[in-house]
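Keep in mind the model is a prediction, meaning the values are calculated, not measured. Both ligands and their constituent atoms are indexed starting at 1 by order of listing.
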Amino acid sequence: MTAGHLNDAALQAIEDLTGASLPLLFQDFKADTGEVCMLYIPKGRLFLIGLGASPTLPDILRTFRSFAHKYRSKIRNKLFISFLHHNIPSQLELSVEAIVNGLLLGTYQPGAYKTEPTDIHPLLDKNAELRFGVDQPTKSLEKAALRGQHIADTQLSIFQLVNAPGNKKSPELLGQWALDSGENHDYHVEVLDYYGVQKKGLHALLAVNQGSTDPPAFIIMEYIPKAPGMYPLVGLVGKGVTFDTGGLSIKPSANMHYMKSDMGGAGAVLGAVEVAARLQLPVRIAAVIPATENSVDAKSLKPGDVISSYSGKSIEVIDTDAEGRLILADGLSYIIRNYNPDVVIDLATLTGSAVRTFGYHAGGLFSNSDKLAEALAQAGEYTGERLWRLPIWDAYKDDIKSDIADVRNFSGKPTAGAIAAAKFLEAFIDNHPAWAHLDIAGVAYNDSEFASQKTATAYGVRLLIAYMEQFAKTIKN
Ligand code: BES
Ligand code: ZN
Ligand code: ZN
């Protein structure tokens, strides 16, 4: 007999456990991805959790995350997980990691500012226990479970940071997050304050910040594996706009509240560096986050102003709402000139154009290196944090040509916005041969099971980790 995606052994196991009428049970439950069926057995509750015919990593993550969320009042602090699926044992480590990661993410609660205390999720209870019914518990399975836990812990912390309202997360607070993380996970962090930023000549960051009451911060993180050896160097840059009003080119009010998530790129970079340190990935990382609010004030940058930048290039600011590319320009030149990394990747909630192009299902990928683009797209496919490549042909260069300065930050046209932004950034990479820009405006902040409004996704954390692990391997061979 077969039912849905289950084989004979699985069916037998269910019958033994429940004594249920299988034909009846499998009228209701087909073991499709994400399907859950709750049964009562003498010892408590039994959940059948469907994963479909050949589950991928994102299938497992999503299924278990939504299970932990939806069934929070039904599960206890001790969960025993047994594999009935005939496809799973071939990738047991991966499944264990994804299940732990998914379950822990599902404990997230967005109500950080509610005054009534909320119940803590049973899986976060101090006596919580996850046990896996496997024939042979091995070191590698234990490691996989721990990996899932490390990644989830960091992702949950990034959820909180990205979901925090603008008035609760100053650039300085992002810096403090990095300092605490560096202290806890043993990597180097330095945060430049207003005077530090001024001294380094990060003029574009200063220009965006000039209308804000909070000073900017320039966060510098360096991770080096503890085991001595030769490791490739990855450069990361994350857009850290703590709130984007648009500046004097002010945004319409309807969705402006979502602009507290305009540091989603910073979240991805902070999270990826922390996870890399926790897992001791065999790569070195140099990462920077230019952080500021983009606000409206008499002192604000004005449309038409010409500013300088860390690179020395002058920029005509046509639209003050195209602020992300200004601060990224400084971040990119800084990381390339001071570290000369083997690859440089920037992540930013950069354009509405990327949202209109891909909706909420993929980030835009731009790169001057086919190899890097291919590796990132593959990491996206594997983790479910999808990327799709768009061109950066020189045909688009007119979009950033200025009559009075070296470049301008907006073409003034409603077309190819995400590409024009990438072309702008390209002017600040000093011809570095392996740079990629990820426009994550549509994917950093999304609908979820957690809330009625959009919430943080921690998009980019898993993607960057997967990419860097692969990168370390290809360099070795
Ligand atoms: N932070 C926004 C982009 C954004 C839009 C992120 C929607 C998430 C969701 C960015 O700073 C911005 O305002 N971009 C402008 C640029 C334009 C003025 C050239 C845009 O895309 O409209
Ligand atoms: Zn903007
Ligand atoms: Zn922005």
Side-chain angles (χ1 to χ4, degrees), residues 162-163 166 169 171 174 204-205 207-209 211-212 216 237-268 289-296 300-305 315-331 346-364 366 390 396 398-400 402 407-425 437-447 453-457 459-460:
V162 178
N163 287 334
K169 66 175 163 210
L174 293 192
L205 174 59
V208 173
N209 179 256
S212 175
V237 182
K239 171 177 173 182
V241 171
T242 54
F243 192 84
D244 184 9
T245 66
L248 290 178
S249 314
I250 197 163
K251 284 182 181 297
S253 57
N255 287 319
M256 200 200 273
H257 62 294
Y258 285 140
M259 284 300 120
K260 65 181 186 178
S261 67
D262 210 16
M263 34 62 73
I289 290 165
T292 178
E293 187 172 274
N294 185 24
S295 39
V296 183
S300 287
L301 193 59
K302 294 178 292 296
D305 284 358
I315 305 167
E316 183 184 9
V317 180
I318 302 292
D319 193 310
T320 64
D321 196 11
E323 84 297 339
R325 65 197 75 181
L326 301 177
I327 68 171
L328 285 175
D330 275 1
D346 74 73
L347 294 95
T349 49
L350 206 62
T351 67
S353 163
V355 187
R356 289 190 292 277
T357 307
F358 298 114
Y360 301 98
H361 301 295
F366 304 84
L390 291 173
Y396 292 98
D398 280 353
D399 283 353
I400 60 156
S402 166
V407 285
R408 62 175 170 170
N409 78 335
F410 176 42
S411 67
K413 291 184 292 194
T415 52
I419 299 177
K423 274 322 258 184
F424 179 90
L425 296 178
H437 157 58
L438 314 185
D439 191 334
I440 62 170
V443 285
Y445 207 63
N446 245 331
D447 292 335
Q453 298 264 306
K454 290 185 192 304
T455 54
T457 60
Y459 177 101

What are the two closest heavy atoms between G240 and I289, and how far apart are they?
CA-CG2, 4.2 Å

Is any protein N, O or S atom closer than 2.8 Å to the Zn ion (ligand 3), and if so, which?
K239 NZ, D244 OD2, D262 OD2, E323 OE2

Taking the side chain as C-beta and beyond, is there a heavy-atom pair between T245 and M256 under 4.5 Å?
yes

Exceeds 12 heavy-atom contacts within 6.0 angstrom, atom OH of Y360:
no

Residues A348 and L328: closest non-hydrogen pair is CB-CD1, 3.5 Å

Return yes if some donor-acceptor pair links the side-chain N/O of N163 with the main-chain N/O of A456 below 3.5 Å, else return no.
yes

Using the side chain to side chain contact (heavy atoms under 4.5 Å, CB included) definition, which of the options T349, T292, V208, N294 pairs with D244?
N294

Taking all heavy atoms of A291 and all of P171, pick out the closest pair and write down the distance.
O-CB, 3.7 Å

Heavy atoms only: give me the nearest K260-K169 pair and the separation to one decimal.
O-NZ, 2.7 Å

List below, pair by pair, the N or O atoms of ligand 1 and of the protein that are less than 3.5 Å apart, including the distance to 0.1 Å; reply 'none' if no pair qualifies.
{"from": "ligand 1", "atom 1": "1 (N)", "to": "K239", "atom 2": "NZ", "distance (Å)": "3.3"}
{"from": "ligand 1", "atom 1": "1 (N)", "to": "D244", "atom 2": "OD2", "distance (Å)": "3.2"}
{"from": "ligand 1", "atom 1": "1 (N)", "to": "D262", "atom 2": "OD1", "distance (Å)": "2.9"}
{"from": "ligand 1", "atom 1": "1 (N)", "to": "D262", "atom 2": "OD2", "distance (Å)": "3.0"}
{"from": "ligand 1", "atom 1": "1 (N)", "to": "T349", "atom 2": "O", "distance (Å)": "3.4"}
{"from": "ligand 1", "atom 1": "11 (O)", "to": "K239", "atom 2": "NZ", "distance (Å)": "3.2"}
{"from": "ligand 1", "atom 1": "11 (O)", "to": "D244", "atom 2": "OD2", "distance (Å)": "2.9"}
{"from": "ligand 1", "atom 1": "11 (O)", "to": "D321", "atom 2": "O", "distance (Å)": "3.0"}
{"from": "ligand 1", "atom 1": "11 (O)", "to": "E323", "atom 2": "OE1", "distance (Å)": "2.9"}
{"from": "ligand 1", "atom 1": "11 (O)", "to": "E323", "atom 2": "OE2", "distance (Å)": "3.0"}
{"from": "ligand 1", "atom 1": "13 (O)", "to": "K251", "atom 2": "NZ", "distance (Å)": "2.8"}
{"from": "ligand 1", "atom 1": "13 (O)", "to": "D321", "atom 2": "O", "distance (Å)": "3.0"}
{"from": "ligand 1", "atom 1": "13 (O)", "to": "D321", "atom 2": "OD1", "distance (Å)": "2.7"}
{"from": "ligand 1", "atom 1": "13 (O)", "to": "D321", "atom 2": "OD2", "distance (Å)": "3.0"}
{"from": "ligand 1", "atom 1": "14 (N)", "to": "L350", "atom 2": "O", "distance (Å)": "3.4"}
{"from": "ligand 1", "atom 1": "21 (O)", "to": "G352", "atom 2": "N", "distance (Å)": "2.7"}

In terms of ring plane angle, is the pair H437 and F366 parallel, tilted or perpendicular, where the classes change at 30° and 60°?
parallel

